[in-house]
Amino acid sequence: MLFYSTNNKELKSDLKQAVIHGLAADKGLFMPEEIPVLPDSFWTKLPELSLGEIGFETLKYYFCPDISEGDFRQLTADAFNFPSPVVSVSKRISSLELFHGPTLAFKDFGARFLARVMAHFTKDYNKDINVLVATSGDTGSAVANGFLGVKGVNVFVLYPKGLVSDVQEKQFTTLGQNITAIEVDGTFDDCQRLVKTAFMDDDLKQQLTLTSANSINLARFLPQMVYYFSAYAQAVKQGRKEMVVCVPSGNFGNLTAGLIAQQMGLPIKRFIAATNVNDVVPKYLSTGHYQPAPSIATPANAMDVGDPSNFIRIQKLFKHDLNQINALLSGIAINNDDIFSTIDKVYGTEGYILDPHGAVGYRALEKCLATGEHGIFLATAHPAKFPETVEKIINREVEQPERLVAFLNGDKQVESSSDKYEDVKQVILDKTL
Ligand SMILES: *Cc1c(COP(=O)(O)O)cnc(C)c1O
């Protein structure tokens, strides 16, 4: 399959180029040139498939034969090796728990898959490739853990000193092996600027093969469709056929994957795009005007996005037809007070602990479900990742899963740098040459 640029339908790349470059030459995002409809045989066997097998059966149309089917079967089994259970929370609302991976957030799905696809394409290089990523917290941990131990790839995570939470920092500074964390004396914006500067530095690129692993890479957003199929299989077993799916959204990669799954034949009745007060998309859906805005800090901080990069992909899927989009998708913004009171109420009445992002999804369903509908929201992170917010509200400690405790007990190993590019470059060169 070829992948076109959202800026120009005629500009196409093969899978390997699209994955390694991330962005098209004209700076557009890559989209699959066609979306296949799954055969009847898939639906017959779906109830028996593991998550890895669902990944193979649904993603092979995009990734094979560029990757051989044998290799791809192995790759999907290895990437999706943890569960995504649908758990009933209240009478009409279930949670699709996506936080059972190594860093307790759904970004593990995309990051683990991307890492293995990249390793596949670069294994014949006689040089290592080097992934550079700037993080304000969550992306760094998912990417670092996704690439941990992957041969031939070095990862450099740049993060702002003192500005990420303790839990987040431990998840990418205690790994060792092929992961180097660089603590930058500056802000997240400085870290992003340093990464961009590195990608434009011909001298550095002559010495090292550089690549990025951010969320616009098609091999990071597409694999997220696997858990929508898995959710459907589970819902059917639980006696429900009709799904209303609510996606707590920031950059809208997660929702885009769900919409593609739907176009491949997954019977989702409708989607709800839930945001925090960063409500550019809900406003667009109701007015037709897309007006990016500076982001506003909220307790659901992984969704603090003022100009969602993947929204263009959704527009392409619906050929920019707002009526068609509105027929399947509605938007709603949830404010901070609602996030706090939802965590409180759902713990009090149902005994279920929501994280701030999941709380956005739950509350959106409460507000949007019609009579007779049952809703599933995507629980994108484990509440133990946000103890500062959650424990104050529910008045007790959130139990930490073992893998989080292991991170917290690990030794922090970091390189330090000023916010000057030459300093960061030296750290990277010292580690690689
Ligand atoms: C990244 C993230 C989101 C937003 O996902 P998008 O695909 O960017 O819309 C939501 N919740 C959590 C916990 C995240 O880390």
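Atoms within a ligand are numbered from 1 in the order they appear, just like the ligands themselves. All values below were derived from every heavy atom in this structure, side-chain atoms included, with hydrogens, water molecules and symmetry-related copies excluded. In this text, all values refer to a predicted model and were calculated from it rather than measured experimentally.
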Quiz prompt | Basic-acidic side-chain contact under 4.0 Å: Arg112, Asp108 | solution =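 Judged by the 4.0 Å cut-off on N to carboxylate O distance, Arg112 and Asp108 do not form a salt bridge.
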Quiz item: Would you call Lys385 and Asp355 a salt bridge, taking side-chain N to carboxylate O under 4.0 Å as the test?
Solution: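 Salt bridge between Lys385 and Asp355, a charged N being under 4.0 Å from a carboxylate O: no.
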Any idea which atoms of ligand 1 are less than 4.0 Å away from a heavy-atom of [X]?
{"X": "Lys107", "result": "1 (C), 2 (C), 3 (C), 14 (C), 15 (O)"}
{"X": "Gly253", "result": "6 (P), 7 (O), 9 (O)"}
{"X": "Ala381", "result": "13 (C)"}
{"X": "Ser249", "result": "9 (O)"}
{"X": "Asp138", "result": "15 (O)"}

Quiz item: Thr298 pairs by side chain to side chain donor-acceptor pair (under 3.5 Å) with which of Asn335, Asn336, Asn278, Asp304?
Solution: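 Of all the options given, the one that passes is Asp304.
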Exercise. Can you spot which of Lys91, Arg92, Arg240 makes a side chain to side chain donor-acceptor pair (under 3.5 Å) with His374?
Key: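 The single option meeting the side chain to side chain donor-acceptor pair (under 3.5 Å) with His374 is Arg240.
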Can you pull out the closest protein heavy atom to [atom]? Residue, atom name and distance to 0.1 Å, please.
{"atom": "atom 8 (O) of ligand 1", "answer": "Asn251 N, 2.8 Å"}
{"atom": "atom 4 (C) of ligand 1", "answer": "Gly250 N, 3.6 Å"}
{"atom": "atom 7 (O) of ligand 1", "answer": "Asn254 N, 2.9 Å"}
{"atom": "atom 11 (N) of ligand 1", "answer": "Thr380 OG1, 2.8 Å"}
{"atom": "atom 5 (O) of ligand 1", "answer": "Phe106 CZ, 3.4 Å"}

Quiz prompt | His120 ring center near Phe72 ring center (under 6.0 Å) | solution =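 That pair fails the under 6.0 Å test.
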Quiz item: Given the side-chain rings of Phe229 and Phe42, with only the six-membered ring counted for Trp, is the space between their centroids under 6.0 Å?
Solution: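 Yes; Phe42 has its ring centre under 6.0 Å from that of Phe229.
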Self-check item: Sub-4.0 Å heavy-atom approach of Phe221 to ligand 1
Solution: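 False for this residue.
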Quiz item: Does Arg220 reach the main-chain N or O of Ala213 with its side chain, forming a donor-acceptor pair under 3.5 Å?
Solution: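 Looks like yes, one N/O pair under 3.5 Å.
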Quiz item: Under 3.5 Å, is there a donor-acceptor pair linking the side chains of Ser90 and Tyr362?
Solution: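 Distance-only check passes for Ser90 and Tyr362.
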